[in-house]
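Scroll down for the structure; my scribbles are underneath it.
Quantities reported herein were computed from a predicted structural model and do not represent experimental measurements. Counting starts at 1 for both ligands and their atoms, following the listed order.
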Amino acid sequence: MKQSNLCLVVFLLLLSKSFAQYQSALNSSEIYQKIQQLNVLGSVLYIAAHPDDENTALISYFANHKKMQTAYLSLTRGDGGQNLIGPELREKLGLIRTQELIAARAIDGGQQFFSRANDFGYSKTPEETFSFWNKPEILHDVVLAIRRFKPDIIINRFDHRTSGTTHGHHTASAILSLEAVKKAADPHYKLKSSFNFPTWQVKRVFFNTSWWFYGSQEKFDAADKSNMIKLDKGLYSPITGKSNTEIASQSRSQHKSQGFGNTPIRGQQPEYLELVYGKPLQSNDIFEGINTHWSGLENGKSVQKQLNKIIRNYDFTAPENSIEALIDLRKKIKTVKNKHWKNIKLKALDNIVAACAGLYLENVSQEAFATPQDKLNLRLEVTQRSGSPLILEKFWIKGLEVNQTLNHQLSINQPFHTTVKAKIPANTAYSNPYWLNEKPSLGLYKVPNDSLIGLPESNAAFEVTYQFKIKQETIQYKVPVLYKYNDPIAGEVFEPFYVVPPISIGLPTKQLIFTENTPKDIQVELRAFRKDITGELIFDLPENWKYTSENKNLHFKEKGEIKTVKLRVFPPKNSAQAQLKISFKQQNKFYPYTVSFIDYPHIPKQVLLEPAELKLTRLDLKTKAEKIAYIVGAGDAVPEALKVMNYKVDLLHLDQLTSAQKLEQYDAILLGIRAFNVLPELKFKNSWLFDYVKNGGNLIVQYNTSRGLVTEEIAPYPLQLSRDRVTDENAKVTFIDKNHPVLNTPNVLEKSDFDNWVQERGLYFPNTWSDRFTPILSMGDPNESQTQGALLVAPYGKGYYIYTGLSLFRELPAGVPGAYRLLANLIALENEEN
Ligand SMILES: [Zn+2]
């Protein structure tokens with residue numbers, strides 16, 4: 001029994017809950033496609049920087065039409081983007097977008113890889129990107145992907161030659177790709193010690209160009225295309241009944257957190273690839289001169305012959321008739337010398353055999369999660385629904401003491417059920433995304449266990465390996481343990497099964513901000529994931545901060561029991577910041593985690609362990625004004641910050657607002673981020689807001705993107721947005737008019753108020769404005785000119801209109817004191833003539 005024969009059954013991959021089921025088997029046409037794919041030995045790796053950069057049409061084209069091994073290497077998990085479906089940002093957003101990529105690949109047929117690069121936010125150039133990423137480490141991960149996947153062809157989404165024309169991550173991905181191609185072939189270049197992949201020579205690298213990179217279709221039409229080849233990505237497949245672009249759209253639509261729902265275009269669709277490395281082409285075939293057939297391998301000729309016969313004789317009404325021939329083919333493939341292709345094709349073949357036999361394998365836990373030392377009750381089902389019966393020899397579970405020999409002859413369409421009881425060992429690791437086990441740096445994830453680098457996600461907590469005998473061949477299938485329940489509406493629902501700590505410490509907020517010397521209370525919510533557990537809450541914080549708490553000694557009788565503990569925190573007199581660490585101590589063990597779940601319909605439920613910590617900030621903050629309206633835009637956490645500042649905040653949804661008069665009661669109105677991009681009503685109701693200002697109100701407009709505005713009239717005076725941004729969060733800030741009230745009332749702002757900002761200063765600053773506006777701040781990235789568009793203030797009628805692209809939506813949730821003091825001043829602004 002060789003490890004290499006192990007295979008993870010693809011037909012049992014957990015698909016999204018919206019399908020509310022397992023993809024329990026491949027249908028006859030899908031099996032046929034998979035058999036055809038056995039006959040192709042070429043591979044394509046697509047490389048870019050973010051989830052959503054990838055060209056799903058090309059991935060589907062190579063995976064489904066060309067039947068190549070196809071993969072997407074996304075250097076980052078997209079942590080730095082914005083989230084259109086919920087409040088998760090940063091690493092939590094990266095977790096969602098990781099799962100969205102996996103869901104996309106399940107549709108377009110590609111595989112998914114990542115590097116350890118953390119998406120730290122926007123950067124203008126690859127040099128800036130590399131200064132965060134630790135270039136040698138990310139280069140290592142790209143070389144690893146190449147040596148692991150062994151692509152004949154690499155396709156870069158971006159151009160390595162045009163620094164500064166797109167996001168620095170993008171250009172960096174293309175630069176790294178080309179450098180890694182050379183390193184992958186270099187015997188002196190060593191991967192981390194967990195890996196012993198041999199060197200690999202990529203044959204060609206292409207840049208996936210398009211009109212977009214030329215500025216317009218006209219310019220692209222006129223461009224020299226002698227070094228490009230043209231593909232038709234709009235091909236139709238009668239086997240699937242779909243155009244390739246339809247598959248691609250469905251795949252792209254998985255990027256829901258990005259709002260990339262996509263409607264397909266049918267018909268011919270040209271796609272251009274420009275050769276940037278490798279032998280020039282004489283034809284339109286990117287694989288020209290590369291043998292992608294079995295005949296190219298030692299002992300491959302007989303495989304090809306047998307495979308052609310299987311394809312010829314395939315019976316769409318009875319795929320089980322192919323099983324015997326497939327098993328003969330399996331014996332032939334085992335004699336092939338090339339290990340790489342042998343392993344890939346044996347795995348694929350075993351999955352085909354399972355599909356032909358209508359094999360259904362399921363391991364269901366009775367509970368969604370358990371803790372180390374718990375007893376696990378599993379129900380296993382093995383059902384063969386077609387073909388001549390297989391012998392189920394045995395099954396075992398790695399990490400549990402489960403190993404059963406059965407030698408059970410299955411009967412067709414008669415499920416074999418068995419139950420398994422096992423104790424989860426005390427040293428079992430908690431389920432968690434492997435790249436989040438340690439706090440990442442801004443640009444790089446820490447993965448102490450090298451062998452996990454590059455994998456799309458953590459392995460399942462437990463997997464059952466089943467071993468079957470069929471015509472003297474031993475075949476194994478690995479199937480994850482899952483939790484399953486019946487939902488009265490959705491029907492059968494599967495969720496991943498997770499191993500979690502016995503206690504989760506839930507905090508209602510990640511930070512407490514004190515504007516006065518008075519204490520604040522929070523409710524710490526403890527949830528037991530194990531029954532009968534007794535322990536004590538431990539609080540750890542610096543001396544100048546004080547706390548009191550009741551009932552620190554706790555007993556949980558039942559699993560799932562929730563208890564709350566009131567914690568009162570006393571701030572120091574002067575401005576200060578501290579970290580409050582909380583843990584649950586049971587005998588001599590500490591459980592310092594918040595266990596949270598991320599649950600959306602299009603991805604499997606995700607678990608996340610975070611340190612139970614609270615950031616404490618004592619602000620020196622004065623506020624004026626009381627009642628504020630917040631018009632919800634694309635979604636941000638600014639309203640929570642306003643509440644912390646003791647304002648009374650009403651959240652308004654513009655589409656529900658029926659009268660401009662309702663606005664008069666507010667001392668200030670804030671527009672949420674990208675309001676002018678996402679609220680179509682603003683095309684008409686902008687005048688309500690401007691009238692409100694005219695009558696003495698104070699309107700604060702946060703950043704909008706320059707493209708896709710619902711109206712050009714975003715201010716009562718001419719104001720033009722640009723793509724100017726200041727991405728260095730430490731960029732020097734100069735006060736243009738030191739005496740302006742915005743910098744003095746009620747808080748006297750200092751240079752230090754621009755210290756410790758996170759991720760960036762701001763984005764999409766205006767670059768042209770009416771002289772009625774007063775620019776307040778000047779700033780610029782290193783080696784770039786200063787921009788004055790970050791904060792613009794204009795009196796209008798009796799009130800004030802303020803536009804700011806400063807990233808308050810990032811700084812406020814991060815507890816940056818200066819952002820609070822500045823916002824308080826913006827809100828307090830009053831027109832003298834009023
Ligand atoms: Zn991107």
### Query
Arg97 pairs by side-chain hydrogen bond (donor to acceptor under 3.5 Å, both in side chains) with which of Thr76, Asp119, Asp52?
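It is Asp52; the other options fail the test.
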Report whether any nitrogen, oxygen or sulfur of [X] sits less than 2.8 Å from the Zn ion (ligand 1) (N, O or S, backbone or side chain).
X      : value
His167 : no
Asp53  : yes
His169 : no

#### Entry: Thr56 side chain to Asp108 side chain, donor-acceptor N/O pair below 3.5 angstrom
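There is no such pair (donor and acceptor under 3.5 Å, judged by atom type) between the side chains of Thr56 and Asp108.
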### Query
Looking at the Zn ion (ligand 1), which N/O/S atom of His50 is the nearest one?
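Within His50, restricted to N, O or S, the Zn ion (ligand 1) is closest to atom ND1.
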### Lys NZ or Arg CZ of Arg725 over Phe765 ring: under 6.0 Å, within 45°
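Verdict for Phe765: no cation-pi partner in Arg725.
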### Query
Taking the six-membered ring of Phe220 as reference, does the NZ or CZ atom of Lys225 fall below 6.0 Å from its centre and within a 45° cone about the axis?
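Lys225 over Phe220 ring: yes.
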